[in-house]
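Notes for the one structure printed next.
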Amino acid sequence: MLLAMPLWQSARKKLVTSNRVQYNHRGRLAACFRFCYRSFQMSDLRVRFAPSPTGTLHIGGARTALFNYLLARKEQGTYVLRIEDTDVARSTQESVDAILDAMHWLGLSCDEGPFYQSDRFDLYKQKVQQLLDEGKAYKCYCTQEELDAKREAAMKAGGKPKYDGTCRNRTDSPDLPYVVRFRLPSDDGVTTFIDRIKGKISIRHEELDDLIIQRTDGTPTYNFVVVVDDAEMGMTLVIRGDDHINNTPRQILLYEALGYPVPEFAHVPMILGADKKRLSKRHGATSVMDYQKMGYLPEAMVNYLVRLGWSCGDEEIFSMSDLIEKFTLENVGKSAGVFNPDKLLWLNAHYIKSGNPQRLAGLLEEFLTQKGIDIPSGPDLVEVVKSLQERASTLVEMADGAAFYYAAELEYDEKAKGKFLTTDQRATFQAILDNLAQCQQFNEEILEKTFAAVMEVTGLKFGKIAQPLRVALTGGTASPSIYQVLQVLGKERSLARIQRAMEQLG
RNA sequence: GUCCCUAUCGUCUAGCCUGGUCCAGGACACCGCCCUUUCACGGCGGCGACGGGGGUUCGAAUCCCCCUGGGGAUGCCA
């Protein structure tokens with residue numbers, strides 16, 4: 001895995017040695033230095049997103065990835081993707097692919113990776129051995145059952161459910177299965193770090209215990225590999241969900257035990273459901289790609305996600321490039337936010353309204369095809385899209401709204417038919433048909449004149465003509481404006497539909 | 001239970017660090033009006049919050065303390 005010294009490592013070496021500065025990520029000196037450094041070279045900011053492939057990409061994970069991506073872009077740093085698949089039993093390639101797809105859809109391309117932790121077991125093994133050799137870790141032979149019993153007993157006694165250190169000073173080495181535990185450096189100490197979002201956080205070591213870093217089966221655990229990898233991959237800032245806050249002090253202790261520099265941390269608040277409980281499937285779709293299937297645009301998702309927990313004055317609409325310019329950790333809120341599907345929908349409607357029709361047409365095709373619609377046999381898709389943009393909130397809605405354009409045999413809404421396709425409309429329809437048939441082409445100006453003539457002949461107001469015609473043309477009472485429908489459908493289809501409607505009058 | 005984090009409209013938030021310009025601003029949702037050939041879009045207006053209690057201060061949404069609420073952790077998950 002360690003083939004050649006990666007570019008960033010040599011860059012950092014240069015950075016440290018040439019200035020004789022102790023590289024300290026937590027220190028103000030380092031921060032200040034980084035700033036100066038950036039002025040003449042690429043930033044040394046290195047961040048990562050490290051999902052575990054045990055399912056699809058979750059909304060919360062997507063937001064964490066987004067924050068990482070934005071900061072890296074803004075500071076011209078490096079954004080690394082790492083797959084945390086140390087839990088061999090639960091990790092699947094399927095999940096990896098699903099996560100990669102979602103990242104791609106959102107437009108969060110990484111600069112390095114994806115790296116797989118399962119490719120790096122040798123490295124972890126070596127690091128565990130290092131701690132073992134240095135007496136900073138030890139083998140523990142307690143069984144799962146014993147541990148469970150101890151925890152329960154401690155809880156009952158009103159104590160903390162910590163490991164009691166049975167094997168801590170064991171000198172024998174029985175031929176039994178064992179885990180490796182990290183020896184807590186000092187039982188009475190305090191570990192403090194300055195979180196970039198939350199501020200100062202301290203945890204007393206008495207709250208901690210000897211953490212398992214290697215399982216009975218020889219595989220390393222999360223809290224250990226995350227430290228080894230973040231250090232070995234040169235991360236300078238770790239942005240992750242705030243459910244990791246409690247892990248951070250023990251991770252810092254591991255960095256120190258392994259002789260690594262400690263990165264900075266930024267813990268982003270969780271996303272909750274409407275009931276203020278942790279967002280889960282009970283609250284509806286939580287997988288990013290579910291939203292694609294429901295007809296959402298990636299820019300709407302990105303815009304929504306970033307505004308959930310981050311703000312920039314009163315602004316609501318942000319393109320990716322706006323975000324890269326404006327995003328800062330300083331404006332990320334400290335408290336958990338409730339996922340609000342209504343606002344996401346509003347944003348989606350906004351991006352559909354203002355989106356490029358050609359692009360939307362391309363995206364819509366898939367949804368139309370799913371409905372069994374044969375696009376080439378109908379009117380121009382781009383024109384269809386234009387007529388629907390301000391009346392659809394999702395691509396699914398747009399596809400529903402577009403269906404009538406492509407219907408070979410229009411199905412009439414029962415109520416609409418009953419009300420508007422009645423025999424007393426025959427004269428009106430005939431007038432429309434006669435006048436429309438004379439049109440050389442359908443455009444705003446000609447149609448206006450044509451309908452003026454129809455109103456003249458029938459003595460009816462436009463509304464009285466438009467609604468029956470709408471039913472004849474679209475099958476229902478809600479649609480884009482009549483002129484628009486006529487133009488998109490074209491003369492031939494329009495006349496055919498009117499004729500067919502006249503045959504239905506009754 | 002213990003520890004950690006957190007607290008402005010129903011929701012996302014601005015304001016808080018640098019107390020007075022805040023009888024708290026914006027957005028979503030909701031309600032009303034206008035526009036209108038339908039449905040929408042849009043425009044205008046309305047409803048609606050500083051969790052509670054103590055301090056500090058001439059003055060607190062803003063600073064301090066306590067309580068309460070919410071979230072997280074407490075895994076040989078990540």
Side-chain angles (χ1 to χ4, degrees), chain A residues 50-54 61 84-87 89-91 117 140 142-144 147-148 151 154-162 177-181 195 197-199 201-204 206-209 211-217 219-223 225-226 240-249 267 269-270 272 274-278 304 307-317 331 333-347 349 353 388-393 401 416 420 451 461-467 469-471 474 476-483 485:
Chain A
S52 72
T54 53
E84 309 233 322
D85 55 354
T86 52
D87 186 344
R90 295 202 305 152
S91 299
Q117 292 188 319
C140 170
C142 297
T143 64
Q144 188 82 256
L147 260 21
D148 291 344
R151 244 196 300 276
M155 283 275 250
K156 248 183 196 155
K160 300 174 176 76
K162 304 197 301 182
Y178 64 88
V179 298
V180 177
R181 286 184 185 270
D195 191 276
I197 290 170
K198 306 268 190 175
I201 295 174
S202 299
I203 293 193
R204 293 185 304 280
E206 61 190 72
E207 302 299 332
L208 275 24
D209 64 357
L211 174 76
I212 292 173
I213 58 176
Q214 188 178 90
R215 302 183 184 96
T216 313
D217 66 2
T219 59
T221 59
Y222 166 73
N223 278 296
V225 296
V226 77
R240 72 215 320 188
D242 74 2
D243 48 337
H244 287 283
I245 284 184
N246 293 282
N247 289 327
T248 307
H267 287 98
M270 303 263 83
L272 275 23
D275 56 0
K276 300 269 181 113
K277 301 287 180 204
R278 194 179 186 143
Y304 177 72
R307 273 289 289 111
L308 180 53
W310 174 85
S311 61
C312 184
D314 287 340
E315 289 181 66
E316 293 289 348
I317 305 296
N331 292 324
K334 293 175 166 188
S335 54
V338 174
F339 180 74
N340 182 351
D342 280 339
K343 189 146 183 184
L344 206 210
L345 188 63
W346 172 73
L347 243 7
K353 257 179 300 197
L388 261 13
Q389 274 182 287
E390 57 184 34
R391 19 180 72 78
S393 295
F420 295 104
F451 278 89
K461 289 197 164 185
F462 189 73
K464 291 288 178 194
I465 298 166
Q467 212 52 351
L469 178 57
R470 188 183 312 281
V471 177
T474 73
T477 50
S479 83
S481 86
I482 282 296
Y483 292 167
V485 171

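Within 4.0 Å (heavy atoms only), A:Lys156 reaches no atom of the nucleic acid at all. Contacts of A:His267 with the nucleic acid, taken as non-hydrogen atoms under 4.0 Å apart, are absent. Residue-level contact check: A:Arg90 touches the bases, meaning some heavy atom is under 4.0 Å from a base atom. No engagement by A:Pro249 is indicated, since no non-hydrogen atom pair under 4.0 Å with the nucleic acid exists. Among the protein residues, A:Ile482 comes within range of the nucleic acid bases, having at least one heavy atom under 4.0 Å from a base atom. Contact annotation for A:Val338: backbone-only contact, meaning every heavy-atom pair under 4.0 Å involves sugar-phosphate atoms and none involves a base. Looking at heavy-atom distances under 4.0 Å, A:Cys142 makes contact with a base. When heavy atoms are screened at a 4.0 angstrom cut-off, A:Asp217 is found touching no nucleic acid atom at all. The residue A:Lys353 sits close only to the backbone: its heavy atoms come under 4.0 Å of sugar-phosphate atoms, none of a base. Using a 4.0 Å heavy-atom criterion, one finds that A:Asn340 contacts the bases of the nucleic acid, with or without backbone contacts as well. Contact annotation for A:Gly309: backbone-only contact, meaning every heavy-atom pair under 4.0 Å involves sugar-phosphate atoms and none involves a base. Among the protein residues, A:Thr86 comes within range of the sugar-phosphate backbone only, with heavy atoms under 4.0 Å from sugar or phosphate atoms but none that close to a base. Within the nucleic acid shown, A:Ser481 comes within 4.0 Å of at least one base atom, counting heavy atoms only. Backbone-only contact: A:Ser202 has heavy atoms under 4.0 Å from sugar-phosphate atoms and none from a base.
Contact between the side-chain N/O atoms of A:Arg215 and the OP1/OP2 oxygens of B:G75 is not found at any separation under 4.0 Å. Residue A:Ser479 places no side-chain N or O under 4.0 Å from the OP1 or OP2 atom of B:U38. The phosphate of B:G75 (OP1 or OP2) has a side-chain N or O of A:Arg151 nearer than 4.0 angstrom. Contact check, A:Lys334 against B:U6: a side-chain N or O comes under 4.0 Å of OP1 or OP2. Contact annotation: A:Lys464 does not reach the phosphate of B:U37 (side-chain N/O to OP1 or OP2, under 4.0 Å). Close to B:U11, at under 4.0 Å from its OP1 or OP2, lies a side-chain N or O of A:Lys276.
Taking atom CG of A:Asp209 as the reference point, atom P of B:U74 lies 11 Å away to the nearest angstrom. Rounding to whole angstrom units, CG of residue A:Asn246 and P of B:U74 are separated by 8 Å. Residue A:Ile201 contributes atom CD1, which lies 15 Å from atom P of B:A73 at whole-angstrom precision. Atom-to-atom, CG of A:Asp314 to C1' of B:G15 comes out at 10 Å; the value is rounded to the nearest Å. We find that CE of A:Met270 is positioned 17 Å from C1' of B:A7, with the value rounded to whole Å. Spacing between atom CG of A:Leu208 and atom P of B:G75 amounts to 12 Å, rounded to whole angstrom units. For A:Asn223 and B:A73, the CG to C1' distance is 11 Å, given to the nearest whole Å. Distance CG (A:Leu345) to P (B:A40): 14 Å, rounded to an integer number of Å.
Using a 4.5 Å heavy-atom cutoff, the side chains of A:Ser91 and A:Pro53 are in contact. By the 4.5 Å heavy-atom criterion applied to side chains, A:Asp243 and A:Arg278 are counted as neighbours.
Taking the C1' atoms as reference points, B:C44 lies 24 Å from B:A49, given to the whole Å. Look at the C1' atom in both B:G53 and B:G48: the space between them is 25 Å, to the nearest Å. Rounded to a whole angstrom, the distance from the C1' atom of B:G15 to that of B:A61 is 8 Å. Remark: the separation of the P atoms in B:C17 and B:A60 is 14 Å, to the nearest Å. Between B:A29 and B:C12, the distance separating the two C1' atoms is 11 Å to the nearest Å. Taking atom P on both nucleotides, B:U62 is separated from B:U21 by 13 Å, rounded to a whole Å. B:A73 sits 42 Å from B:G59 when the C1' atoms are compared, rounded to a whole Å. B:G32 and B:C22: their P atoms are spaced 32 Å apart (whole Å).
Surrounding CZ of A:Phe420 are more than 12 heavy atoms belonging to other residues, nucleotides or ligands, all under 6.0 Å away. The environment of A:Lys464 atom NZ is sparse: at most 12 non-hydrogen atoms of other residues, nucleotides or ligands sit within 6.0 angstrom.
A:Asp217 and A:Thr219 are linked by a side-chain donor-acceptor pair at a separation below 3.5 angstrom, with hydrogens and angles left out of the test. Side-chain contact annotation: A:Thr54 with A:Arg90, donor-acceptor N/O pair under 3.5 Å absent.
Judged by distance alone with a 3.5 Å cut-off, a donor-acceptor contact links the side chain of A:Arg391 to the base of B:C39. No N or O donor and acceptor, one from the side chain of A:Arg307 and one from the base of B:U13, sit under 3.5 Å apart. Evaluation of atom-type donor-acceptor distances gives no pair under 3.5 Å for the side chain of A:Asp242 against the base of B:G72. In terms of polar N and O atoms assigned as donor or acceptor, the side chain of A:Thr477 never comes within less than 3.5 Å of the base of B:C39 in a complementary pairing. The base of B:G26 is not paired with the side chain of A:Glu315 by any donor and acceptor separated by under 3.5 Å.
Of the nucleotides present, B:U74 is the one that pairs with B:G1 by Watson-Crick or G-U wobble criteria, both distances under 3.5 Å. Nucleotide B:G45 forms a pair with B:C31, judged by Watson-Crick or G-U wobble geometry with both contacts under 3.5 Å. Base pairing analysis places B:C39 opposite nothing; no Watson-Crick or G-U wobble pair with both distances below 3.5 Å involves it. In this structure B:G69 sits in a base pair with B:U6, meeting the Watson-Crick or G-U test at under 3.5 Å.
Taking the side chain of A:Glu390 as heavy atoms from C-beta on, and the options B:U11, B:U37, B:A40, the nearest nucleotide is B:A40. For A:Lys198, counting side-chain heavy atoms from C-beta on, the closest listed nucleotide (B:U6, B:C76, B:A78) is B:U6.
Nearest heavy atoms, A:Gln467 versus A:Thr477: NE2-O, 3.3 Å. Counting all heavy atoms, side chain and backbone alike, A:Pro269 lies closest to A:Gly333 at CG-O, 3.1 Å. When all heavy atoms of A:Ile482 and A:Ala466 are compared, the closest pair comes out as CD1-O, 3.7 Å. Contact between A:Glu84 and A:Val226 at its shortest, heavy atoms only, is OE2-CG2, 4.1 Å.
B:C41 shows a glycosidic angle within 90° of 0 and is accordingly assigned syn.
Of the two residues near RNA chain B, A:Asn331 and A:Tyr483, the one whose nearest nucleotide lies more 5' is A:Asn331. Toward the 5′ end of RNA chain B lies the nearest nucleotide of A:Leu272, the other residue of the pair A:Leu272 and A:His244 mapping further downstream.
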